[in-house]
Structures are given as structure tokens and as C-alpha cells.
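Input: a single structure, listed below in C-alpha cells.
Owing to the predicted nature of the structure, the values given are computational and were not obtained by experimental measurement. Numbering of residues begins at 1 and proceeds along the displayed sequence.
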Amino acid sequence: MKPLSLLIEILIILGVTIKTIKAEEHNKRQKERNVTTQVSVNEIKQYLSHILEQRTSSNVINKRENLLEKKKNQRKIRIKGIQNKDILKRSKNHLQKQAEKNFTDEGDQLFKMGIKVLQQSKSQKQKEEAYLLFAKAADMGNLKAMEKMADALLFGNFGVQNITAAIQLYESLAKEGSCKAQNKALHYFLKAAKAGSANAMAFIGKMYLEGNAAMPQNNATAFKYFSMAASKGNAIGLHGLGLLYFYGKGVPVNYVEALKYFQKAAEKGWPDAQFQLGFMYYSGSGIWKDYKLAFKYFYLASQSGQPLAIYYLAKMYATGTGVVRSCRTAVELYKGVCELGHWAEKFLTAYFAYKDGDIDSSLVQYALLAEMGYEVAQSNSAFILESKKANILEKEKMYPMALLLWNRAAIQGNVFARVKIGDYYYYGYGTKKDYQTAATHYSIAANKYHNAQAMFNLAYMYEHGLGITKDIHLARRLYDMAAQMSPDAHIPVLFAIMKLETTHLLRDILFFNQFTTRWNWLKLDNTIGPHWDLFVIGLIVPGLILLLRNHHG
């Protein structure tokens, strides 16, 4: 029913009601007049007798007729009331829908205004104004604005970081159907894969390889879907198989197989595979280093905007590795990396958050960038975690998480991260003590990257036979190499060699047969302790200082 018809009916009802009320008021006034009229008692009696005589016979009939009429009127009113209620209900629903539409439109407008303010913002105050608009739009049920507010709560963009509230909001958004909160839709990928879509198969493999809230990480399932996609010649599937073999996820590390799959995917123009090929030739992972081929594949990948490829090109130009050194070109390429996406701002905000003492916000932002594959973010996240300054993780979970991030950074060629992994296994941080694994990582850093710290640590392990066969001569050579590689290692190496030579001098002087040697070694271990050699150094150093002072005097 149209609103005009509804209004007319309502006016008619009101008119009837007003007339009825007026009639009742008229009768009431009439009765009051009759009561107040000055008449004699006899006249009243005569009047009453006359009325009674005239109406006695018709009284019963009138009552019955009045009762029937009353019931009839009540039925009409009741039917009319039901009709009116239905009309009012429909009208209310129509008005509610109209109000909801206006509410939604207003929320959309506020969200658009917020985006515009954010894009044009040049100060923190303007950004805060943008987020106030997002908050108002989110309050009106705008999903995109709610996503912005969830991000703000997660990263502390709105002034206060509340990770628990952010997670709750993300979960709510997922139920509402937010694509961002659902993180790729597994259900639809599975449907597409069953229909024969190679891209869907490859993306399912990628989701299982990375793992997320929708599905736990599973290398075997990732291998299955990557293989299905690769059998159809899909570049993403081929690249995925290459990653599994390169990193040894669910299969033994096999650089030959990894190279084969990366080459096939690169030939199909997949930029991530082109980058991986470039990285293999650049770092010499499983093949001989070839900077010309590395440059070729980095360049090909960079044409598609692959950020890591552009970064490594910049690095090659900055250091003159495989190309003529050009600081200007390097700066331009680094600038290109910075301008590739919104994540560049996250690096800056993460850095300044750390400088300002907002450790939790900094960690969250670095961790997000680390999950995107950026080695610098992986190293920074690990550093923050091992400092134990963050409050968003339990203390016992920090070292295991840091070890995982150091491992990811080491895989990308960060030698400092490689040494850190050795330290974690040596001391048992976030894992069980494993001298053999520690020695393996120190060896990689020493032999592949010529790192002085790794050489020193490895020399110490050879000296004491920790996880590897004891070899004094190799220990001495590694100490010397560490001193040659880094000026900072000169003093530690000097003391280490002094200790080494002193212990052997003592052995040569004091212990002249095998039995006596073993007995006296055990005696020293029992009396002074297993680190008696450090005690000896403590005696030697003051003696040297006294000799030097006397010499200069």
C-alpha cells in the first residue's frame, strides 16, 4: 500500500474517533444539565414514573439491540485494527530499510573521505583525522573501514595497539565475508582445482606451503598440489616444486632438481622463478657462482617489478659485483624498491616505532614484512625477539621464533644470521644443545662467506673437540685466518693463541708419558674445573702486563 493511502485511512480513523468523543462529551453535558435543573420532588417522581412506564416494555429489547450493536462495532474496530497494524508494520519496514540504506551510504561516504584524507596526509594529525573517519564508517558497518581499523589496532596506527581486539575484529570480518580477513578463499580454490584449474592447484600448494589460519602448514600437501599444477605446465606449480627442493621442505635438499624447475618456470616468464635462478647463481647455492647469469635473471625478474630482484641488482651495482660499479644506478634501483608499495612505509614506521620505544608495534610490523620474505625484516624481528623486550609473546616462545627467523634470513644469504643459528645450537637457545649442528653452521659461514666470527668459533670447537674431532693444528690455522679477515679479531685471537700455546707448553713440560698425561689432565679437571684453561689465561695476562710495564720503565 502506498504511503498516501495509508495517510488517508489514518485520517478517517482519527475523524471517527474525534466524533465519538464529541458525542460522549455532549451526552455528559446534557446529563449534567438535567441533574442541575431546579424542579420539585413531585415533578421528579412523576417524570420518573412516566419514563418507567414508557420504557419498561422496551427496555429488554433496547438492551439486546444495544449489545448486538456494540459487538458489531467491536468486530469492525478489531478488523480495522488488524488492517491498520499490517499497514503500519509494512510502513515501518519500508522506513527501516530506507534508514538502513541512508546509514550504509553515509558509511561509504565517510570511508571514501577517510581514504582521500589519508592519501593527502602530510602529518600525523591528518592521519589521525583519516582514522577518525574510518572509525565512524566502521561504526556504521562499513567492512572496508572495519578492515582499516583492524589494521590500525594490529600495528598501533591509531595511537593505541591492541592485538587481541584486532584478532577479534579480523575474526568478525571473516564471518562477515571480508576477503582480506579470510586470506584467499580455500573453498573456491578447491572447487576450481577439481574443475581442472592449474592456477588454483598451484595457489592451494602455495597456501599449504606457507600455512595460515585457514589451513596448517603441510609440505606433503603442498608438494601434491604443486605437482598437479606442474604436470599441466603451470609456472607457479613449477616454481613451487623448485622451492621445495631448494629448501628441503618435505623432500631432501636437491639443488639440481630445484634448478631444473626454476628454469622451466623462468622460461614461462614467472618473475619469482627468474629471481630464484638469479639468487642461485649469485650465491653459488648448489652451482658455481656466475655473476653474469645472476645479473641476467635479476634483470628479467626486475622487468616484472619483482622487488627482491631489483634489490639485488642495486646491490650488484653498489658493490661492482659482476657489473661496472655505479652508485648512481644503485641509488635509483634502491629508490625503485622503496617506491614499489605501501610496505615501504611499514619499514619506516617499524624503525621509528622501535626508536621511540614502542617495541610491540615495531615487532608486529617487522614480522609482517618478514612473512612477505624480506630478509632485513626477518633479521630485525629476530633481533627484537631475542632481546626479550616485546610483551606480545610469552618469554619461552621468543627464542624458538627468533631461531626460525634467523634461519629464514640465513637462507637468503645473511651471514650474520648464519652465525646466530650456530650460537643458538651451541648454547641451546630455543632448541636443544647440538654442537655438531652449531659447527655445521659455523663452517658454512666460515667457508662460504669468510666470516671472522665463525672462524673464531669454529677454531674454539676444534681446539676442545666440541661436536667435531679435536684438531689443534686446524684450530690454530682458523684463529690465524680470523685475525687476517677482521682487525677486530686481533685481540681475541691473540689471547686464544696464547692460551693454546701455553696449554701445549705445559703438556710438553709436565707430562712426558701417556699415563701421566691422562692422570694429570684429570687431576686438573677435578681440582680447577673443566675450564681450567681459562684460569691459566687469567694468570698469563697479568704476568704479561707486569712484563710490559717493567720493560717500558
Side-chain angles (χ1 to χ4, degrees), residues 279-291 294 311-312 314-323 325 327 330 375-376 378-380 382-383 386 402-403 405-427 429 434-504 533-534 537 540-541 544:
F279 182 77
M280 287 186 77
Y281 283 112
Y282 179 84
S283 60
S285 301
I287 50 177
W288 291 103
K289 287 185 179 181
D290 190 328
Y291 292 127
Y311 170 79
Y312 275 94
K315 193 174 181 179
M316 292 180 79
Y317 274 110
T319 57
T321 305
V323 291
R325 188 179 182 189
C327 292
E375 177 268 312
V376 174
Q378 290 165 353
S379 302
N380 289 353
F383 174 79
E386 73 173 21
L403 178 59
L405 289 162
W406 284 129
N407 190 58
R408 290 180 178 178
I411 288 169
Q412 297 198 57
N414 186 317
V415 63
F416 178 77
R418 181 69 67 183
V419 175
K420 275 287 185 181
I421 297 170
D423 292 344
Y424 273 53
Y425 279 104
Y426 184 90
Y427 294 107
Y429 295 153
D434 188 338
Y435 290 137
Q436 191 172 358
T437 304
T440 300
H441 286 285
Y442 290 146
S443 297
I444 293 170
N447 299 330
K448 191 173 181 179
Y449 301 102
H450 309 294
N451 181 268
Q453 181 66 58
M455 291 173 181
F456 185 93
N457 294 354
L458 197 59
Y460 184 86
M461 296 184 79
Y462 272 113
E463 181 186 349
H464 296 87
L466 300 173
I468 46 181
T469 305
K470 191 170 184 177
D471 191 329
I472 299 301
H473 300 292
L474 184 55
R476 188 183 287 112
R477 187 162 77 244
L478 283 166
Y479 280 135
D480 290 336
M481 289 171 63
Q484 292 171 9
M485 293 304 301
S486 172
D488 295 335
H490 285 170
I491 294 176
V493 166
L494 174 63
F495 286 123
I497 291 177
M498 283 170 56
K499 183 203 73 172
L500 185 66
E501 298 298 342
T502 303
T503 54
H504 281 275
D533 51 353
L534 298 177
I537 290 178
I540 292 170
V541 171
L544 286 174

Start with the C-alpha gap between Phe456 and Leu478, add the side-chain angles, then the distance that decides, and say whether side chain to side chain contact (heavy atoms under 4.5 Å, CB included) holds.
CA-CA 7 Å; Phe456 185 93; Leu478 283 166; over 6 Å; no
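- Using a 4.5 Å heavy-atom cutoff, the side chains of Ser285 and Lys448 are in contact.
- Atom NE2 in His490 sits 8.0 Å away from atom CD in Gln484 (nearest 0.5 Å).
- Of all heavy-atom pairs between Leu458 and Ala439, the closest is CD1-O, 3.7 Å.
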Could you walk me through whether Tyr424 and Glu386 pass the side chain to side chain donor-acceptor pair (under 3.5 Å) test, one step at a time?
CA-CA 10 Å; Tyr424 273 53; Glu386 73 173 21; 2.5 Å; yes
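- Within 6.0 Å of CZ on Phe383 lie no more than 12 heavy atoms contributed by other residues, nucleotides or ligands.
- Considering every non-hydrogen atom in both Ser379 and Ala409, the closest pair reads OG-CB, 3.5 Å.
- Residues passing the side-chain hydrogen bond (donor to acceptor under 3.5 Å, both in side chains) test with Gln436: none are found, sequence neighbours excluded.
- Looking at Gln412 and Gln378, their side chains come closer than 4.5 Å, going by heavy atoms from C-beta outward.
- For the atom pair CH2 (Trp406) and OH (Tyr429), the distance works out to 13.5 Å, reported to the nearest 0.5 Å.
- A pairwise comparison of heavy atoms in Ala330 and Ala318 identifies CB-N, 3.7 Å as the closest pair.
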Hey, mind stepping through Tyr435 and Ile468 against side chain to side chain contact (heavy atoms under 4.5 Å, CB included) and telling me if it holds?
CA-CA 8 Å; Tyr435 290 137; Ile468 46 181; over 6 Å; no
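- Checking side-chain atoms of Arg325 against main-chain N and O of Tyr317 turns up no donor-acceptor pair under 3.5 Å.
- Scanning both residues, Ala445 and Ala454, for their nearest heavy atoms gives CB-CB, 3.5 Å.
- Taking CG of Asp471 as the reference point, atom CZ of Arg476 lies at 10.0 Å (rounded to 0.5 Å).
- Taking Tyr281 as the reference, nothing meets the ring pair (Phe, Tyr, Trp, His ring centres under 6.0 Å) condition, with sequence neighbours excluded.
- In this structure, CD1 in Ile444 is found 8.5 Å from CD1 in Ile421, a value given to the nearest 0.5 Å.
- Rounded to the nearest 0.5 Å, atoms CG (Leu474) and OH (Tyr462) are 5.0 Å apart.
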Show the numbers, then the answer: is there a side chain to side chain donor-acceptor pair (under 3.5 Å) between Gln453 and Asn457?
CA-CA 6 Å; Gln453 181 66 58; Asn457 294 354; 2.9 Å; yes
Report the C-alpha separation of Tyr460 and Tyr442 in whole Å, then their side-chain angles, then the decisive distance to 0.1 Å, and conclude whether the side chain to side chain contact (heavy atoms under 4.5 Å, CB included) test is met.
CA-CA 11 Å; Tyr460 184 86; Tyr442 290 146; over 6 Å; no
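- In terms of heavy-atom proximity, Met461 sits nearest to Ala438 at CE-CB, 4.4 Å.
- Note that the CZ atom of Arg418 and the OG1 atom of Thr440 stand 10.0 Å from one another [nearest 0.5 Å].
- Relative ring orientation between Tyr425 and His441 is described as parallel, the plane-to-plane angle staying below 30° on a 0-90° scale split at 30° and 60°.
- Between Tyr312 and Tyr282, the ring planes are perpendicular. Angles over 60° get that label, and only those under 30° would be called parallel.
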